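Here the structure is a predicted model, which is why all the values come from computation and not from measurement.
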Amino acid sequence: MRLPEEFYRRDDVLQVSRDLLGKYLFTKINGKTTVGMIVETEAYRGPEDKASHAWNGRFTNRTRVMYEPGGIAYIYLCYGIHYLFNVVTATEGIPHAVLVRAVEPVEGIAEQLERRKMTQLHPRITAGPGALCMALGITRDMNGKSLQSESIWIEERGTVIESKDIIAGPRVGVAYAGEHALLPWRFSVRNNKFVSKAK
DNA sequence: ACGAAGATTGGCT
DNA sequence: GCCAATCTTCGTC
């Protein structure tokens, strides 16, 4: 069952971030469907969060989609090489978002291997935000797209991740955010092989 | 108009 | 473990 818009439009981005664990991220590109179960997320809490692109209410051509109502994709190019996929949350005007950092491949694994130029299934295939975008074929032309669309969406399939199996820790790669870098806003599924290795 | 830095990854030592 | 790849974004001149 596809997650409804109300799921994303809650203002508590930390809760949405936790709730996305165990959900299934789908893409359908040129008739090929690929699916990954979300196992790692990070919450970015809009204006109050120094690590967020929307910190201090920054509104630019890039960040504008973060201010739209929740339930759409925010995708941007990082280091000139990798696409990173975020889910925009909360209501219009509140630029909260959840970065999806890792998924476990579930369907279309052959296609995912091909996109990653790999021959063997290895956690590296989707462990990391840039890696999962490549495996699922996510590129910036999906930026701003509704998660109710026919090319990218998220489903609930009855998988339950219990609170005791959710690990909360500091976010990755945000040292520039000072004290905000220490907030435990990264969530992952305990003992899942596809969770990325933080440096 | 210019330049530094970035929510990363993979290859080489 | 270290470092290059690669290009958009944004602050500053």
Side-chain angles (χ1 to χ4, degrees), chain A residues 8 13-14 16-18 20-21 25 36 38-68 70 72-90 94-105 112-145 147 152 154 167-189 193-199:
Chain A
Y8 305 104
V13 66
L14 298 180
V16 176
S17 198
R18 290 170 175 276
L20 280 170
L21 297 176
L25 175 59
I38 298 171
V39 298
E40 181 181 353
T41 60
E42 279 179 3
Y44 285 84
R45 203 155 182 275
E48 319 100 72
D49 180 2
K50 208 169 180 183
S52 168
H53 291 160
W55 176 63
N56 202 22
R58 187 162 65 184
F59 186 92
T60 63
N61 196 48
R62 178 172 70 156
T63 63
R64 56 185 303 146
V65 304
M66 300 178 82
Y67 291 83
E68 291 186 35
I72 62 175
Y74 168 46
I75 298 160
Y76 75 98
L77 185 65
C78 186
Y79 293 104
I81 304 175
H82 308 287
Y83 292 108
L84 271 63
F85 169 72
N86 297 251
V87 175
V88 174
T89 70
I94 301 179
H96 295 171
V98 176
L99 170 68
V100 177
R101 286 193 56 87
V103 304
E104 174 174 337
Q112 296 187 43
L113 284 168
E114 193 174 323
R115 289 193 184 120
R116 294 282 284 123
K117 296 184 170 63
M118 292 169 65
T119 52
Q120 301 257 315
L121 188 57
H122 182 282
R124 194 175 73 229
I125 187 172
T126 49
L132 78 90
C133 282
M134 184 168 287
L136 298 182
I138 296 172
T139 61
R140 208 171 41 178
D141 48 65
M142 291 175 175
N143 187 37
K145 216 163 180 75
L147 298 178
I152 185 165
I154 301 175
I167 298 173
R171 293 173 293 179
V172 177
V174 296
Y176 59 86
E179 72 227 36
H180 293 178
L182 301 175
L183 296 168
W185 288 1
R186 172 184 184 229
F187 304 101
S188 58
V189 176
K193 293 190 295 285
F194 295 87
V195 170
S196 73
K197 293 183 211 161
K199 292 200 174 178

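C:dT9 atom P lies 14 Å from atom CE of A:Met66, rounded to whole Å. With rounding to whole Å, A:Leu77 atom CG is found 13 Å from B:dT9 atom P. Taking atom CZ of A:Arg58 as the reference point, atom C1' of B:dA5 lies 12 Å away to the nearest angstrom. Whole-Å rounding puts the A:Tyr79 OH to C:dT8 P distance at 17 Å. Going from atom CD1 of A:Ile81 over to atom P of B:dA7 covers 14 Å, rounded to whole Å. Rounded to whole Å, atom P of B:dG6 lies 15 Å from atom CZ of A:Arg171. Distance NE2 (A:His82) to C1' (B:dG10): 8 Å, rounded to an integer number of Å. Taking atom OH of residue A:Tyr83 and atom P of nucleotide C:dC7, one finds them 9 Å apart after rounding to whole Å.
Ring centroid separation for the pair A:Tyr76 and A:Tyr74 comes in under the 6.0 Å cut-off.
A donor-acceptor contact under 3.5 angstrom links the side chains of A:Glu40 and A:Ser196, judged on distance only.
Side-chain atoms of A:Pro129 lie closest to B:dT9 of the nucleotides B:dA7, C:dA5, B:dT9.
For A:Arg101 and B:dT8, the shortest distance from a side-chain N or O to OP1 or OP2 is below 4.0 Å. Residue A:Arg124 places none of its side-chain N or O atoms closer than 4.0 Å to OP1 or OP2 of B:dG11. Between A:Thr60 and the phosphate of C:dT9, there is no side-chain N or O to OP1/OP2 separation shorter than 4.0 Å. Note on A:His53: a side-chain N or O is less than 4.0 Å away from OP1 or OP2 of B:dA7.
Between the P atoms of B:dC2 and C:dT6, the separation comes to 22 Å (whole Å). Taking atom P in both C:dA4 and B:dA4, the straight-line distance is 16 Å, to the nearest Å.
With centroids closer than 5.5 Å and planes inclined by less than 30 degrees as the test, A:Tyr176 and the base of B:dG6 fail to qualify as a stacked pair.
The partner of B:dA1 is C:dT12, by the rule that a Watson-Crick or G-U pair needs both atom distances under 3.5 Å.
In this structure, the side chains of A:Pro129 and A:Glu42 stay at 4.5 Å or more apart for every pair of heavy atoms.
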